[in-house]
Amino acid sequence: MKRITLPARPDWRDKARAVGFGFHVMYGEPYWLDDAAYTFTLDEIETQIEQPSQELHDMCMDLVGDIVRSEETLDRLAIPEDLRDVVQRSWQRRDRHLYGRFDLAYDGTGSVKLLEYNADTPTSVFETAYFQYNWLTDQMALGTLPNDADQYNSLQESLVEAFEQFPKGPIFHFAVMTDNEEDRGTTVYLMDCAVQAGHRVELLDIREIGIDAEGRYTDLQDRVIDRCFKLYPWEFMLREPFARELARSGDVFIEPAWKAVLSNKGLLPLLWQRHRNHPNLLASYFADDPAAATLTDYVRKPLLSREGENVTIFRDGREFVSAPGDYGDEGFVVQAYAPLFESDGGFAVLGSWVVGDRACGLAVREDRSRITANLSRFVPHVIID
């Protein structure tokens, strides 16, 4: 693993705007970097990223049934008591799921370490699947990269294949907070994948979902929503006023409700309990577990935090760096600290994608801080042997 610099494509901003990638700059700061890349060998991708990601996903799936059957564990994960049956029945039905992204620590040596599983509403899928692949083909055409360069990236094909598994027929709704440019761009891209899979689709602001007299979710044309991808976290949905109707909504929403237990940071100590000393896991405990005191270099994370909010890194038992936010009331976990790849560009986290049940792609994000946040930069990658 190396970080390299190379000439940016002269027309990359025009290409970004042409495909709706308006959020290549966010809040005045660059989000996409066209003049840098992370390089890997094929063996590194296969043995250090793809295989461990597949194994981690299988381990997570193996845990879901035990989690949803345990009231004590659901308490630990702060799943609202009055809606646990929604999560449980979703798993019992084996509601079909779409995708997720592991965040992994890797400094170029040893084994990758799981930081968390973004199993419910992961973003950066468009940048990973589409725009970084175009970057690769353009740079090869320009002669900047060798003709045999490659990328760990079958994400788009995997998404289309996954959407093909959902029944055709009713309109496939896609719900998002449409005034968020990044979330809207991500959702529109997924809609396009669904269209390629043969679905009729419609975009809907999630705040515009209604409920009819029979308690069914409806769109602005009063059409019943039979299937709906939502880029909106389950921990929010389970606490919304309309959540009372979830019990009779069946398998309408994607991701399914059982993903609420995999996108929860409480998954980390549960994995550690079952697979202690696994080479791709870090020692992790619920914050009130006496064993948590055995860690001196560690990271404290809220169960439901997003984009690094309220995450604190401790070194030698003392606070080293922290991020502000609005999370934490639901409880914390602590996880042994793992060093990230460090370069002139900052600290890099690997985002390893799983679609359906198959590991299939890589995203790299870097930040000046050791805590990866919303405005961390996306850097393309390339396989060069």
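The first residue in the sequence is number 1, and the count goes up from there. Remember, predicted model here, so these are calculated numbers, not experimental data.
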Angle between ring planes, W32 versus F21, binned at 30° and 60°: parallel, tilted or perpendicular?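 Because their plane-to-plane angle is over 60°, the rings of W32 and F21 count as perpendicular.
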Taking [Y]'s backbone N and O only, do any of them form a donor-acceptor pair with [X]'s side chain (distance below 3.5 Å, no angle check)?
X: Q139; Y: L6; result: no
X: E235; Y: A260; result: no
X: N153; Y: T128; result: yes
X: S305; Y: P302; result: no

Answer yes when [X] and [Y] have at least one side-chain N-carboxylate O distance shorter than 4.0 Å, and no when they do not.
X: R3; Y: E366; answer: yes
X: R207; Y: D179; answer: yes
X: D35; Y: R9; answer: no
X: R223; Y: E202; answer: yes
X: R84; Y: D75; answer: yes
X: D367; Y: R365; answer: no
X: D120; Y: K259; answer: no
X: D95; Y: R89; answer: no

T39: partners by side-chain hydrogen bond (donor to acceptor under 3.5 Å, both in side chains), with sequence neighbours left out: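 None.
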By the ring pair (Phe, Tyr, Trp, His ring centres under 6.0 Å) test, which pairs, at least two apart or in different chains, include something from residues 75-94?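 Pairs touching residues 75-94 that pass the test: W91-W258.
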With F341, the ring pair (Phe, Tyr, Trp, His ring centres under 6.0 Å) member among Y106, F40, Y38: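 Exactly one option meets the ring pair (Phe, Tyr, Trp, His ring centres under 6.0 Å) with F341, and it is Y38.
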Option passing ring pair (Phe, Tyr, Trp, His ring centres under 6.0 Å) with H24 (candidates Y31, W12, F131):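 Single pass found, and it is W12.
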Partners passing ring pair (Phe, Tyr, Trp, His ring centres under 6.0 Å) against [X] (at least two apart in sequence or in another chain):
X: F253; result: Y217
X: Y189; result: F126
X: F236; result: Y232
X: H199; result: F172

[X], [atom1] atom: more than 12 neighbouring heavy atoms under 6.0 Å:
X: E81; atom1: CD; result: no
X: D14; atom1: CG; result: yes
X: K2; atom1: NZ; result: no
X: Y327; atom1: OH; result: yes

Is there a side-chain contact between [X] and [Y] (heavy atoms, below 4.5 Å)?
X: R13; Y: D34; value: no
X: I206; Y: M177; value: yes
X: L56; Y: L281; value: yes
X: V355; Y: L155; value: yes

Residues clustered with V349, ILVMFWY side-chain links under 4.5 angstrom: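 Joined to V349, directly or through intermediates: L115, L282, L340, F347.
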Co-members of the apolar cluster containing V321 [side chain, <4.5 Å]: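 V299, V311, I313, F320, Y337, I371, all in the cluster of V321.
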What I want to check is whether the side chains of [X] and [Y] have a donor and an acceptor closer together than 3.5 Å.
X: H381; Y: Q132; result: yes
X: T312; Y: S322; result: no
X: N118; Y: D103; result: yes

Going by salt bridge (Lys or Arg N to Asp or Glu O under 4.0 Å), name the residues that satisfy it together with [X], two or more places apart in sequence or in a different chain.
X: D150; result: none
X: D251; result: none
X: E127; result: none

Do Y133 and L362 belong to the same hydrophobic cluster, where Ile, Leu, Val, Met, Phe, Trp and Tyr are linked whenever their side-chain heavy atoms lie under 4.5 Å apart, directly or via other members?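 Hydrophobic grouping puts Y133 apart from L362.
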Shared hydrophobic cluster, V354 / F166 (ILVMFWY, side-chain heavy atoms < 4.5 Å):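 No; F166 is not reachable from V354 via cluster members.
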Using ring centroids (six-membered ring only for Trp), state whether W272 and H278 fall under 6.0 Å.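 They do not qualify: ring centres at least 6.0 Å apart.
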How close do A363 and W353 get, counting heavy atoms only, and between which atoms?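 The pair with the smallest heavy-atom distance is CB-NE1, 3.8 Å.
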So, for V382 and A149, which heavy atoms are closest and what is the spacing to 0.1 Å?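 That would be CG2-CB, 3.7 Å.
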Apply side chain to side chain donor-acceptor pair (under 3.5 Å) to D107 and T109, showing your working. CA-CA 6 Å; D107 64 1; T109 62; 2.7 Å; yes
Applying salt bridge (charged side-chain N to carboxylate O under 4.0 Å, His left out) as the test, list every pair that has at least one member in residues 335-360; sequence neighbours left out.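 Only E161-R358 qualify under salt bridge (charged side-chain N to carboxylate O under 4.0 Å, His left out).
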From OG (S284) to NZ (K265), nearest 0.5 Å: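 Between atom OG of S284 and atom NZ of K265 there are 12.0 Å.
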